[in-house]
Amino acid sequence: MREPLIVVEHLEPELSEWLLAEYSHAAEIAGGRLLITNVRSGEERRRLSRVCGVRRESVAEIFRPRELLVLDPRARRRLRAGDMLRVKAVVIGGILGDDPPQGRTKKLLTERLPGCIPRNIGRGQFSIDGSVYIVREVAAGRRLEDIPTVEDVEIPLEEGISIILPFSYPLVDGRPLISEGLVRYLRRKGARF
């Protein structure tokens with residue numbers, strides 16, 4: 001099956017260390033098929049260009065909406081491999097999740113791209129890199145239902161202190177797929193959260 005380009009539309013006000021860790025891991029997973037769009041800052045484009053393709057323009061300026069499949073947790077239909085045959089790119093929101101979810105993907109992406117194909121990858125909010133992994137697996141022919149996931153992952157920070165990430169993550173070899181860079185960042189921040 002043809003693998004689509006994966007586009008992350010950068011929608012946060014700045015490129016935080018957390019976001020950079022997820023984007024970098026997503027680029028590794030995508031294996032050269034990742035483009036990050038809507039990066040307005042020249043400095044942020046320079047930083048991101050070290051890990052993947054990056055554009056100042058929004059995805060809406062690069063593609064016609066009907067050429068896009070948008071991963072939206074609020075979409076009614078679930079992602080299937082055949083959906084990706086109909087589009088040039090799968091778009092993931094470059095948004096750090098809210099707890100509880102605020103529906104920002106729908107507001108900031110899906111509604112801005114009338115005519116796009118909205119799909120979900122399961123209940124819950126997935127990490128950006130986890131979403132990229134799921135898109136690659138489904139594009140390779142794996143059924144969404146056959147990809148195990150876990151929610152509310154606990155990350156030990158220091159002796160007796162941990163943080164629970166209230167998001168969904170795919171399981172790979174029985175372990176949540178989380179960027180090692182993100183885990184290092186969380187541990188460095190430690191109890192200051």
Side-chain angles (χ1 to χ4, degrees), residues 1-12 15-39 44-59 61-63 67-73 78-97 105 109 116-122 124-150 153 165 167-185:
M1 172 166 294
R2 167 180 81 78
E3 205 170 316
L5 179 66
I6 300 172
V7 177
V8 174
E9 177 87 341
H10 179 62
L11 294 167
E12 291 290 344
L15 181 64
S16 66
E17 194 171 341
W18 184 315
L19 205 50
L20 182 58
E22 284 203 29
Y23 286 172
S24 298
H25 193 221
E28 288 175 32
I29 295 165
R33 303 227 17 105
L34 182 72
L35 174 66
I36 300 178
T37 57
N38 200 43
V39 183
E44 290 179 355
R45 281 195 307 278
R46 279 188 288 284
R47 289 176 69 196
L48 287 170
S49 68
R50 296 178 192 131
V51 296
C52 65
V54 61
R55 298 274 299 265
R56 182 183 196 290
E57 300 85 4
S58 165
V59 68
E61 298 170 88
I62 300 169
F63 297 95
E67 297 174 318
L68 302 171
L69 185 150
V70 175
L71 290 190
D72 184 341
R78 292 175 62 102
L79 179 67
R80 297 184 185 277
D83 294 330
M84 291 184 259
L85 295 174
R86 303 167 42 197
V87 298
K88 290 187 176 178
V90 174
V91 184
I92 297 167
I95 304 169
L96 293 176
T105 300
L109 264 181
C116 72
I117 300 172
R119 294 291 184 264
N120 74 62
I121 55 173
Q125 295 181 89
F126 282 82
S127 63
I128 296 163
D129 47 348
S131 298
V132 169
Y133 173 82
I134 290 173
V135 168
R136 296 254 358 238
E137 291 294 300
V138 172
R142 195 167 175 194
R143 291 175 353 128
L144 191 57
E145 297 79 19
D146 295 334
I147 302 170
T149 62
V150 65
V153 173
L165 301 178
F167 310 113
S168 298
Y169 294 89
L171 291 172
V172 179
D173 299 325
R175 299 185 62 190
L177 181 72
I178 297 177
S179 160
E180 285 302 316
L182 177 57
V183 172
R184 284 191 303 273
Y185 165 73

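This is a predicted model, so every value here is computed, not measured.
- Val87 places a side-chain heavy atom less than 4.5 Å from the side chain of Ile117.
- Atom CZ of residue Phe126 and atom CD1 of residue Ile121 lie 4.5 Å apart, to the nearest 0.5 angstrom.
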TODO: Could you walk me through whether His25 and Leu182 pass side chain to side chain contact (heavy atoms under 4.5 Å, CB included), step by step?
DONE: CA-CA 9 Å; His25 193 221; Leu182 177 57; over 6 Å; no
Open item on the list: If you apply the rule side chain to side chain donor-acceptor pair (under 3.5 Å), what do you find for Glu9 with Ser58, and how did you get there?
Closed with: CA-CA 7 Å; Glu9 177 87 341; Ser58 165; 2.7 Å; yes
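- Put simply, the side chain of Tyr133 reaches to within 4.5 Å of the side chain of Val172, judged on heavy atoms.
- For Leu34 against Val8, the heavy-atom pair with the smallest separation is CD1-CG2, 3.7 Å.
- Between Val54 and Glu44, every side-chain heavy-atom pair lies at or beyond the 4.5 Å cut-off.
- Remark: Arg142 CZ is packed, more than 12 non-hydrogen atoms of other residues, nucleotides or ligands lying under 6.0 Å away.
- For the residue pair Leu69 and Arg119, the shortest heavy atom distance occurs at CD1-CG, 3.9 Å.
- Closest of all the heavy-atom pairs between Ile128 and Glu22 is N-OE1, 2.8 Å.
- With a 6.0 Å radius and a threshold of 12 heavy atoms from other residues, nucleotides or ligands, Arg78 has its CZ atom above the threshold.
- Contact annotation: the side chain of Leu35 never approaches that of Ile6 to less than 4.5 Å [non-hydrogen atoms, C-beta and beyond].
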TODO: Applying side chain to side chain contact (heavy atoms under 4.5 Å, CB included), run through Val153 and Phe167 and close with a yes or a no.
DONE: CA-CA 7 Å; Val153 173; Phe167 310 113; over 6 Å; no
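- Contact detail for Cys116 and Pro118: the closest heavy-atom pair is O-CD, 3.2 Å.
- In this structure, Ser179 OG and Tyr23 OH are separated by 13.5 Å, a value rounded to the nearest 0.5 Å.
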Task: Derivation of the side chain to side chain contact (heavy atoms under 4.5 Å, CB included) call for Leu5 and Phe63 - done: CA-CA 12 Å; Leu5 179 66; Phe63 297 95; 3.9 Å; yes
Task: Full working for side chain to side chain contact (heavy atoms under 4.5 Å, CB included) between Ser127 and Ile178 - done: CA-CA 8 Å; Ser127 63; Ile178 297 177; over 6 Å; no
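- Listed here is the closest heavy atom pair of Arg47 and Leu20: NH2-CD2, 3.2 Å.
- Residues Asp83 and Arg80 are not paired through a salt bridge, judged by the lack of any N-O separation under 4.0 Å between the basic side chain and the carboxylate.
- Asn120 is not listed as a side-chain neighbour of Pro73, based on a closest heavy-atom distance of 4.5 Å or more.
- Shown are Leu19, Val59, Leu48; of these, the side chain to side chain contact (heavy atoms under 4.5 Å, CB included) with His10 is made only by Leu19.
- The two residues Ala89 and Val7 come nearest to each other via the heavy atoms CB-CG2, 3.8 Å.
- Note that CG of Leu177 and CG of Leu171 are 9.0 Å apart. Values are rounded to the nearest 0.5 Å.
- One distance of note links CG of Leu71 with CD1 of Ile134; it measures 8.5 Å at 0.5 Å rounding.
- Here the CZ atom belonging to Arg45 is positioned 10.5 Å from the CG atom belonging to Asn38, to the nearest 0.5 angstrom.
- To the nearest 0.5 Å, atoms CG (Leu79) and CD1 (Ile147) are separated by 8.5 Å.
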